[in-house]
Amino acid sequence: MNSLLISKLATDDYVGFTFFVGCMAMMAASVFFFFSLNSFDKKWRTSILVSGLITFIAAVHYYYMRDYWAENGESPTFFRYVDWILTVPLMCVEFYLILKVAGATKKLMWTLIGASVVMLVTGYWGEAVPGSNSALWGGISGAAYFYIVYLIFFGEAKALAMEAGGHVLNAHNILCKFVLIGWAIYPLGYMAGTAGWYGAEGVLFGMNLDMDVIYNIGDAINKIGFGLVVYSLAANSSASSQAA
Ligand SMILES: *C/C=C(C)/C=C/C=C(C)/C=C/C1=C(C)CCCC1(C)C
């Protein structure tokens with residue numbers, strides 16, 4: 001095989017299509033975040049930089065995943081989880097960074113990161129290791145996911161957001177919804193891609209949805225959307241501090 005040549009993409013290859021478009025969207029978002037860096041107050045620059053790093057890391061992984069899919073016609077599970085194990089903890093860092101104004105501790109940041117690593121490692125086990133009990137590992141992963149939801153909706157992170165108030169509270173609340181609704185897309189992809197759920201593998205609730213299409217849609221919504229919430233927080237807050 002000549003890997004320098006672009007593989008043919010069949011017109012009904014939705015998976016290949018979403019890998020391709022996902023790659024472009026992640027690249028465009030990264031350029032957007034990086035170039036906007038200097039237009040905001042200094043205190044927001046790290047947050048915007050992290051938004052750009054999240055989409056940039058995803059862009060590079062999508063470049064490889066697109067290729068992997070085109071060459072092998074199978075799910076690039078390994079690259080997928082390497083992408084997530086880098087980008088999801090960065091999203092946890094994002095919560096910490098915006099709550100720092102209210103005194104968020106590194107301990108909170110590491111607790112969120114720890115829970116996200118448990119969520120992803122157990123998910124990988126259930127998805128990638130042959131003969132593993134996908135439902136059991138998915139359940140453990142789901143527990144870690146709900147722990148994250150708890151911390152940001154009701155726990156320490158929420159208390160800090162309330163203390164910060166204003167634009168920060170507003171942004172925190174929107175990010176919480178991304179985690180509750182946007183991140184819930186992933187367990188659906190997992191169920192569609194592993195055996196033993198509400199149908200045969202590849203079929204979920206009677207719909208024939210491919211796991212990778214679901215994951216790719218989730219990534220576009222969550223990685224770019226998350227970054228845009230932080231972007232508008234920086235824009236709103238920089239604007240009101242200039243007016244003051
Ligand atoms: C940019 C990538 C993101 C935001 C990825 C998030 C991934 C998840 C929230 C995955 C969650 C899972 C479960 C809650 C249970 C089944 C296994 C996973 C790993 C798909």
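A quick note: this is a predicted structure, and the numbers were derived from the prediction, not measured. Residue numbers run from 1 in the order of the sequence given.
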Would you say the side chains of [X] and [Y] form a donor-acceptor pair under 3.5 Å?
| X | Y | value |
| --- | --- | --- |
| S237 | W44 | yes |
| T87 | D83 | yes |
| Y62 | N216 | yes |

Between [X] and [Y], which heavy-atom pair has the shortest distance, and what is it?
| X | Y | value |
| --- | --- | --- |
| G126 | S134 | O-OG, 3.0 Å |
| I174 | V229 | CG2-CG2, 3.7 Å |
| L99 | A157 | CD1-O, 3.6 Å |
| M119 | W183 | CE-CZ3, 4.2 Å |
| T194 | Y190 | OG1-O, 2.8 Å |

> Can you tell which of F95, F33, Y231 makes a ring pair (Phe, Tyr, Trp, His ring centres under 6.0 Å) with F226?
Replying inline: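 Exactly one pass, corresponding to F95.
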>> If we check ring pair (Phe, Tyr, Trp, His ring centres under 6.0 Å) with Y81, which of these qualifies: Y186, Y124, Y215?
In response: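 Result: among Y186, Y124, Y215, Y124 is the only option passing the ring pair (Phe, Tyr, Trp, His ring centres under 6.0 Å) with Y81.
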>> Checking I152 against L175 for the side-chain contact (heavy atoms from CB on, under 4.5 Å) test, could you report, in this order, the C-alpha distance in whole Å, the side-chain angles of both residues, the deciding distance, and whether it holds?
In response: CA-CA 9 Å; I152 58 173; L175 291 183; over 6 Å; no
>> Heavy-atom count check: over 12 atoms from other residues, nucleotides or ligands less than 6.0 Å from Y63 OH?
In response: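 No, not enclosed.
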> Would one find more than 12 heavy atoms of other residues, nucleotides or ligands at under 6.0 Å from atom OH of Y96?
Replying inline: yes
>> Students often mix this up, so state it plainly: with edges at 30° and 60°, are the rings of Y150 and Y147 parallel, tilted or perpendicular?
In response: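 Plane angle under 30°, so parallel.
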> Given a cutoff of under 4.5 Å between side-chain heavy atoms of I, L, V, M, F, W and Y, with clusters grown through shared members, what are the other residues clustered with L169?
Replying inline: M162
> With clusters built from Ile, Leu, Val, Met, Phe, Trp and Tyr whose side-chain heavy atoms come within less than 4.5 Å, directly or transitively, what are the remaining members of the cluster of V118, listed by chain and number?
Replying inline: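 Direct or chained contacts put V118 with none.
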> Does the S141 side chain pair with the main chain of W137, one donor and one acceptor, at a distance under 3.5 Å?
Replying inline: no
> Does any N or O in the side chain of S238 come within less than 3.5 Å of the main-chain N or O of F40, such that one atom is a donor and the other an acceptor?
Replying inline: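 Looks like no, no N/O pair under 3.5 Å.
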> Hey, any chance F17 and Y68 share a hydrophobic cluster, counting ILVMFWY side chains that come within less than 4.5 Å of each other, even indirectly?
Replying inline: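 As far as the 4.5 Å side-chain criterion goes, Y68 and F17 are not connected within one cluster.
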> Does F178 share a hydrophobic cluster with F154, counting links as ILVMFWY side-chain heavy atoms below 4.5 Å and allowing steps through other members?
Replying inline: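 Same cluster: F178 reaches F154 through Ile, Leu, Val, Met, Phe, Trp or Tyr contacts under 4.5 Å.
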> In chain order, what residues pass the salt bridge (charged side-chain N to carboxylate O under 4.0 Å, His left out) check against R80, with sequence neighbours excluded?
Replying inline: D212, D219
>> To the nearest 0.5 Å, what is the distance between CG on L53 and OG1 on T55?
In response: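 Between L53 CG and T55 OG1, I get 8.0 Å after rounding to 0.5 Å.
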